[in-house]
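Okay, so here's the structure we're looking at.
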Amino acid sequence: MSIILTPFAKLLLLFYNITGSYGVSIILFGLVVRLVLSPIFLKGRKGMLAMSGLAEKQKVLAQKYARDREKYSQELTKLYEQEGVKPSSGCLWSFLPLPFLMVLYAIIRQPLTYLMNVTEDQFNVISNLLYGEVLNYKNQQLQIAQDVFLNHDKIVAAVPDLAGMPQIDFTFLGVNLSQTPSFMFWKADNVGSAFVLWLIPIISALLGVVSMIVTNKINADVLGTAKPMDQSTKTTMLIMPLFSLWICFTLPAALGVYWIANSLFAMLQEVVNIPFLRSFLKKQEKDRAERQEQERERIKLEKKAQAEAKRKAQEEMRKIQMERKLNKSIAGASREGIRAYARGRLYDPERYPTFPYQDPNELAKQAEAEQAQKQAVELAKKDKKKGKPTAQALDETRGDNDEK
């Protein structure tokens with residue numbers, strides 16, 4: 001932990017060595033934090049403006065999907081993706097000072113450790129020297145911080161090793177910033193000092209409200225992005241000042257000074273960022289116009305593609321209808337008697353020849369006669385080869401004999 005806190009402690013101690021004021025050192029510390037984080041704050045501010053530009057579209061989606069929260073979430077996410085907006089980018093920037101507030105609190109809570117480099121053994125000697133008892137090293141450094149400054153010579157005489165210890169006066173505007181403000185300040189021994197301490201949280205809370213009012217005023221009058229405050233905005237304007245009030249009443253007054261300085265620097269930064277925010281809004285408007293033009297072009301191409309697809313479908317339908325008519329005419333031409341034959345589109349009536357009808361019995365008799373004649377011819381050929389008279393010769397001889 002000391003690795004993280006030591007650089008910040010050295011920075012705070014540097015500011016004290018330059019200014020000689022603990023309160024001014026804390027204010028300069030807040031200024032440095034604000035300057036270092038200014039790009040992130042500016043980015044968060046742009047995110048808030050981008051979210052403001054989607055307010056109307058969000059309202060339309062909320063009304064359209066009032067009964068379907070899941071569908072509303074899906075459409076809202078799609079809207080954010082189309083517009084290039086991150087919902088968290090607009091609100092996280094307001095919480096960025098909190099980590100630095102925690103770091104500063106750790107340093108302020110143990111000033112002897114981080115600012116004066118006092119070890120635990122040296123602390124025990126100091127507390128025993130000043131109060132006659134040993135206090136808690138980690139939790140009671142604030143109680144003796146100012147007394148260590150007032151009794152520096154006495155402490156150095158008792159602990160020579162602390163001769164080079166920084167002398168830090170924790171008072172600012174007459175109050176000890178190491179003390180914690182009390183809500184009932186009138187019960188304190190020193191009412192004047194307690195009242196000034198009491199004012200620190202009050203001023204911090206009021207400045208938180210003023211800072212939000214300034215931001216909304218800039219949005220309305222300078223940037224022209226004003227919109228009616230929704231419930232979440234109203235809640236934020238109420239919670240943040242109350243949170244600041246609670247912090248400043250429960251922690252040392254030095255943190256309240258830091259919170260006040262942070263609010264003042266935030267308002268100043270709002271004014272400084274006006275040209276950058278105006279440029280961002282112009283670019284956003286230009287990008288939105290380009291996206292709309294691209295969307296119109298996409299719709300135009302889509303309609304053209306749909307028309308082309310419809311034309312092709314109609315043309316295909318006409319071809320199908322023509323084929324159906326052609327098939328119907330071919331089927332009508334292929335009718336024989338009262339029977340219709342499914343010829344098909346490739347039917348050719350001249351492809352296969354037709355023959356007149358013949359009685360199968362006559363065909364069988366003709367085949368038998370042709371077979372008998374063929375056998376007689378073959379038998380005659382065999383007899384001729386053997387020198388025997390043929391049947392015709394025998395018949396002629398028989399006929400001559402009969403005449404005789």
Side-chain angles (χ1 to χ4, degrees), residues 12 15-16 19-31 97 101-102 104-116 123 126-155 166-211 213 238-267:
L12 187 62
F15 290 146
Y16 181 82
T19 62
S21 173
Y22 187 61
V24 175
S25 301
I26 292 175
I27 294 173
L28 292 177
F29 181 86
L31 177 61
L101 182 68
M102 296 173 63
L104 185 61
Y105 169 68
I107 296 172
I108 293 175
R109 183 170 171 266
Q110 298 181 3
L112 301 183
T113 301
Y114 295 107
L115 297 178
M116 301 180 183
F123 174 82
I126 293 172
S127 60
N128 190 36
L129 178 66
L130 296 179
Y131 308 106
E133 60 178 341
V134 177
L135 302 179
N136 188 280
Y137 174 68
K138 292 184 178 180
N139 300 325
Q140 294 181 287
Q141 292 190 24
L142 283 173
Q143 298 177 14
I144 69 172
Q146 186 63 18
D147 292 337
V148 170
F149 170 74
L150 296 175
N151 297 276
H152 181 267
D153 295 337
K154 182 179 179 180
I155 293 172
Q167 300 184 47
I168 299 177
D169 184 4
F170 292 91
T171 60
F172 179 65
L173 300 178
V175 295
N176 185 1
L177 296 183
S178 64
Q179 295 179 353
T180 301
S182 175
F183 187 77
M184 295 181 288
F185 64 90
W186 57 87
K187 294 184 179 181
D189 296 335
N190 189 346
V191 178
S193 177
F195 176 72
V196 176
L197 289 174
W198 178 83
L199 285 177
I200 291 177
I202 302 300
I203 295 174
S204 175
L206 291 177
L207 283 178
V209 176
V210 173
S211 177
I213 293 175
L238 178 63
I239 290 178
M240 291 303 293
L242 292 177
F243 180 68
S244 172
L245 190 68
W246 173 76
I247 285 181
C248 295
F249 265 119
T250 55
L251 300 179
L255 295 176
V257 173
Y258 168 79
W259 200 269
I260 291 173
N262 182 72
S263 298
L264 292 173
F265 293 143
M267 287 186 283

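Side-chain atoms are counted along with the backbone in the values below, which use heavy atoms only and exclude waters and symmetry mates.
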Check your understanding: ring pair (Phe, Tyr, Trp, His ring centres under 6.0 Å) with Tyr22: which of Phe172, Phe170, Tyr258, Phe29?
Key ->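 The single option meeting the ring pair (Phe, Tyr, Trp, His ring centres under 6.0 Å) with Tyr22 is Phe170.
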At what distance, to the nearest 0.5 angstrom, does [atom1] of [X] lie from [atom2] of [Y]?
X      : Y      : atom1 : atom2 : answer
Asp147 : Phe149 : CG    : CZ    : 11.5 Å
Phe183 : Ile202 : CZ    : CD1   : 6.5 Å
Ile200 : Gln179 : CD1   : CD    : 10.5 Å
Asn176 : Thr171 : CG    : OG1   : 7.0 Å
Ile108 : Ser178 : CD1   : OG    : 9.5 Å
Ser193 : Leu173 : OG    : CG    : 11.0 Å

Review point. Can you name the one residue among Ile203, Ile26, Ile247 that meets side chain to side chain contact (heavy atoms under 4.5 Å, CB included) with Trp259?
Key: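 In the set Ile203, Ile26, Ile247, the residue that makes a side chain to side chain contact (heavy atoms under 4.5 Å, CB included) with Trp259 is Ile247.
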Point to revise | Partner of Pro181 under side chain to side chain contact (heavy atoms under 4.5 Å, CB included), chosen from Leu199, Leu197, Val175 | key: Leu197
Flag, side chain of [X] to backbone of [Y], donor-acceptor distance under 3.5 Å:
X      : Y      : result
Tyr16  : Asp169 : yes
Thr250 : Trp246 : yes
Ser25  : Ser21  : yes

**Study point:** Closest heavy-atom pair and its distance - Ser263, Leu207
**Key:**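 Minimum heavy-atom contact is CB-CB, 3.8 Å.
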Check your understanding: Gln141 and Asn136: side-chain donor and acceptor closer than 3.5 Å?
Key -> no
Is there side-chain contact between [X] and [Y], with at least one heavy-atom pair below 4.5 Å?
X      : Y      : result
Phe123 : Leu112 : yes
Trp198 : Ser182 : no
Tyr131 : Ile144 : yes
Gln167 : Val148 : no

Review point. Where do Ser127 and Glu133 land on the side-chain hydrogen bond (donor to acceptor under 3.5 Å, both in side chains) test, with the steps shown first?
Key: CA-CA 6 Å; Ser127 60; Glu133 60 178 341; over 6 Å; no
Practice item. Check the pair Thr180, Phe249 against side-chain contact (heavy atoms from CB on, under 4.5 Å), reporting the backbone distance first and the verdict last. Key: CA-CA 7 Å; Thr180 301; Phe249 265 119; over 6 Å; no
